[in-house]
Undergrad: 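Okay, handing you the structure first.
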Amino acid sequence: MTHGNTAPTVITQERPPGLKPSDVLSAPLRMEFDYTRSVGPIIGKFLTGLRERRIFGIRGSDGRVLVPPAEFDPVTADPLSEFVEVATTGTVKSWSWVRDVLPGQPFDRPFAYALIQLDGADTALLHAVDVQSPEQISSGMRVTARWADELTGSIHDIVCFEPGDAPTAEPAPASDAEPVTIITTPIGMDYKHTASPEETAFLRGLMEGKLVGGRADANSKVYFPPRGVDPVDGRSTADMVELAETGTVTTFCIVNVPFMGQRLKPPYVAAYVLLDGADIPFLHLVLGIEASEVRMGLRVKVVWKPREEWGHTMANIDHFEPTGEPDADYDTYKHHL
């Protein structure tokens with residue numbers, strides 16, 4: 001099956017036995033990244049204006065003033081370019097009450113989101129309105145922008161709107177700063193992941209320093225990480241199998257391009273490693289060797305993180321490094337590319 005015909009160790013002959021719902025692993029997870037984009041001349045003008053406590057819209061082919069400004073005409077799809085400054089006061093057109101506040105929202109207490117048509121505009125801007133209860137807001141109510149103490153050239157320069165019919169601050173003096181051309185927006189999502197019984201066995205194995213795969217029976221393929229069913233025939237992956245800590249590089253990529261959040265300095269290698277006893281490779285780092293020397297068939301072994309850093313996670317494996325063995329013959333992994 002793989003280099004050396006290493007036989008896998010069968011842990012159990014059935015799906016992890018006797019698992020109750022309380023035995024299955026689950027954890028809150030957060031996925032987040034900083035989204036950086038160029039804004040172009042239209043949105044750039046709008047954001048640069050906010051940095052000066054001024055709000056700009058743009059005039060469409062039908063004469064309407066669009067706020068926020070659109071890059072292309074909603075009627076003709078032609079590019080737009082005629083900016084129009086509008087007031088920082090306006091009228092609530094419709095609203096929704098936020099009872100259950102989420103992290104990252106404008107307030108840590110209930111508030112309203114509203115579509116606000118600013119004086120001089122013909123479309124509505126979505127923003128928060130600072131009121132204490134739903135009884136304090138209504139369609140047709142007059143509101144005014146509340147500005148941040150520190151202006152950065154983002155929509156957050158408007159902290160919120162508040163009841164009122166007069167501006168809360170004068171425009172800021174013109175700045176020598178460059179116009180806004182780039183913005184970075186944090187993106188995040190919180191969710192709860194509940195592992196399947198097979199994934200639970202896999203994660204618990206990692207916590208014990210074991211590599212656990214799964215298969216339907218002794219004549220089936222061994223999948224690492226394990227899957228709930230065998231994709232070949234749909235049978236349950238009944239056997240949980242402990243695999244060796246050695247394997248073979250099947251394919252690889254030399255990473256030469258730096259990117260945000262990168263923990264290693266390029267060049268380095270991300271490779272698909274076929275563990276001895278497994279039938280499907282998985283992606284991980286190969287270190288301890290010059291990137292230019294990594295090759296198909298290279299024999300590698302697991303390098304674990306210090307035990308005190310272990311958790312129920314694949315990150316317990318820090319990387320793979322060469323074993324020093326002769327390269328695996330191509331025929332032993334040619335069906336796993």
Side-chain angles (χ1 to χ4, degrees), residues 1-33 188-251 270-286 300-320 332-333 335-337:
M1 187 183 339
T2 53
H3 184 84
N5 294 318
T6 304
T9 301
V10 177
I11 296 177
T12 177
Q13 291 298 321
E14 57 185 25
R15 186 184 294 258
L19 274 177
K20 303 186 294 293
S22 59
D23 295 329
V24 174
L25 294 175
S26 64
L29 299 178
R30 178 168 179 80
M31 181 174 63
E32 60 183 348
F33 64 95
M189 180 177 69
D190 293 289
Y191 62 100
K192 180 179 180 180
H193 174 68
T194 300
S196 67
E198 293 78 15
E199 187 183 3
T200 293
F202 164 71
L203 294 173
R204 284 183 171 151
L206 288 171
M207 191 64 178
E208 298 172 1
K210 300 177 181 179
L211 305 179
V212 178
R215 64 185 181 184
D217 59 34
N219 297 314
S220 301
K221 294 183 182 296
V222 176
Y223 296 94
F224 179 87
R227 304 179 181 184
V229 297
D230 190 321
V232 174
D233 54 24
R235 288 184 298 158
S236 169
T237 49
D239 291 350
M240 306 309 296
V241 178
E242 183 178 347
L243 302 171
E245 295 186 10
T246 53
T248 301
V249 171
T250 59
T251 59
Y272 277 97
V273 177
L274 180 68
L275 293 176
D276 296 337
D279 290 285
I280 186 169
F282 75 106
L283 186 65
H284 217 294
L285 297 172
V286 173
V300 292
K301 62 183 178 181
V302 169
V303 177
W304 297 91
K305 286 185 176 179
R307 182 174 288 272
E308 60 270 18
E309 298 179 18
W310 285 6
H312 293 95
T313 170
M314 183 76 88
N316 293 358
I317 302 173
D318 187 75
H319 62 275
F320 283 79
T332 65
Y333 63 88
H335 297 298
H336 304 285
L337 301 178

Undergrad: Give, for atom CG of Leu206 and atom CZ of Arg204, the distance between the pair rounded to the nearest 0.5 Å.
TA: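 Going from the CG atom of Leu206 to the CZ atom of Arg204 covers 12.5 Å.
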
Undergrad: Start with the C-alpha gap between Ile317 and Val303, add the side-chain angles, then the distance that decides, and say whether side chain to side chain contact (heavy atoms under 4.5 Å, CB included) holds.
TA: CA-CA 6 Å; Ile317 302 173; Val303 177; over 6 Å; no

Undergrad: Under a 4.5 Å cut-off applied to non-hydrogen side-chain atoms, are Leu275 and Val222 in contact?
TA: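 Answer no - side chains too far apart.
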
Undergrad: Nearest heavy-atom pair of Gly214 and Pro226: which atoms, and what distance?
TA: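 It is N-CB, 3.6 Å.
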
Undergrad: Mind checking ring pair (Phe, Tyr, Trp, His ring centres under 6.0 Å) for His284 and listing every partner two or more places apart, or none if nothing turns up?
TA: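 Result, ring pair (Phe, Tyr, Trp, His ring centres under 6.0 Å) vs His284: Phe320.
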
Undergrad: Taking the side chain as every heavy atom from C-beta outward, state whether Leu29 and His193 have any atom pair closer than 4.5 Å.
TA: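 Leu29 reaches His193 side chain to side chain.
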
Undergrad: Taking all non-hydrogen atoms of both residues into account, name the closest pair between Val212 and Gly205 and its distance.
TA: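 Here Val212 and Gly205 meet closest at CG2-CA, 4.1 Å.
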
Undergrad: Can you sort out the partners of Leu337 under side chain to side chain contact (heavy atoms under 4.5 Å, CB included), two or more places apart, ordered by chain and number?
TA: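 In terms of side chain to side chain contact (heavy atoms under 4.5 Å, CB included), with neighbours along the sequence ignored, Leu337 is linked to Thr250, Thr251, Met296, Tyr330, Tyr333.
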
Undergrad: List the residues meeting side chain to side chain contact (heavy atoms under 4.5 Å, CB included) with Ala315, not counting sequence neighbours, and say none if there are none.
TA: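 Lys305, Thr313.
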
Undergrad: Hey, are the side chains of Glu245 and Trp304 touching, using non-hydrogen atoms and a 4.5 Å cut-off?
TA: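 In contact.
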
Undergrad: Find the distance between CG (Leu25) and OG1 (Thr194) and round it off to the nearest 0.5 Å.
TA: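 Leu25 CG to Thr194 OG1: 9.5 Å, rounded to 0.5 Å.
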
Undergrad: When you compare the side chain of Phe202 with that of Met314, does any pair of heavy atoms fall below 4.5 Å?
TA: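 In short, these two side chains touch, coming nearer than 4.5 Å.
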
Undergrad: So, for Lys301 and Thr246, which heavy atoms are closest and what is the spacing to 0.1 Å?
TA: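 Looks like CB-CG2, 4.0 Å.
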
Undergrad: So do Glu32 and Met189 actually touch side chain to side chain, heavy atoms under 4.5 Å?
TA: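 With C-beta onward as the side chain, the pair stays apart.
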
Undergrad: Looking at Ser196 and Gly228, would you say the former's side chain and the latter's main chain have a donor-acceptor pair under 3.5 Å?
TA: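 Absent.
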
Undergrad: Test of understanding: with side chain to side chain contact (heavy atoms under 4.5 Å, CB included), list the residues that count as partners of Arg307, not counting sequence neighbours.
TA: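 Residues passing side chain to side chain contact (heavy atoms under 4.5 Å, CB included) with Arg307: Trp310.
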
Undergrad: Set out, in order, the CA-CA distance, both residues' side-chain angles and the distance that settles ring pair (Phe, Tyr, Trp, His ring centres under 6.0 Å) for Tyr272 and Phe282, then state yes or no.
TA: CA-CA 5 Å; Tyr272 277 97; Phe282 75 106; 8.6 Å; no

Undergrad: Please give me the minimum heavy-atom distance between Ala195 and Leu203, naming the atom from each residue.
TA: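 Closest heavy-atom pair between Ala195 and Leu203: CB-CD1, 4.3 Å.
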
Undergrad: How would you list all residue pairs meeting salt bridge (charged side-chain N to carboxylate O under 4.0 Å, His left out) that involve residues 221-235, not counting sequence neighbours?
TA: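 Found Asp217-Arg235, Asp233-Arg235.
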
Undergrad: As an exercise, state the distance from CD of Glu199 to OG of Ser26, rounded to the nearest 0.5 Å.
TA: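 One finds 11.0 Å between CD of Glu199 and OG of Ser26.
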
Undergrad: Return the minimal non-hydrogen interatomic distance between Thr332 and Leu274, and the atom names on each side.
TA: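 In this case the closest contact between Thr332 and Leu274 is O-CD2, 4.5 Å.
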
Undergrad: Would you say that Pro225 contacts Glu198 through its side chain, given a criterion of any heavy-atom pair below 4.5 Å between the two side chains?
TA: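 Contact flag for Pro225/Glu198 side chains = no.
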
Undergrad: Among all residues two or more places apart in sequence or in another chain, which pass the salt bridge (Lys or Arg N to Asp or Glu O under 4.0 Å) test with Glu308?
TA: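 Not a single residue meets the salt bridge (Lys or Arg N to Asp or Glu O under 4.0 Å) criterion with Glu308.
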
Undergrad: Are the side chains of Asp276 and Leu243 in touch, meaning some heavy atoms are under 4.5 Å apart?
TA: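 Not in contact.
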
Undergrad: Main chain of Asp279, side chain of His336: is a donor-acceptor contact present, judged purely on distance under 3.5 Å?
TA: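 Checked: pair present.
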
Undergrad: Which heavy atom of Gly311 sits nearest a heavy atom of Asn316, and at what distance?
TA: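 Reported closest heavy-atom pair: O-ND2, 2.7 Å.
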
Undergrad: Does the side chain of Pro28 reach to within under 4.5 Å of the side chain of Tyr191, using non-hydrogen atoms?
TA: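 The answer is no; the side chains never approach within 4.5 Å.
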
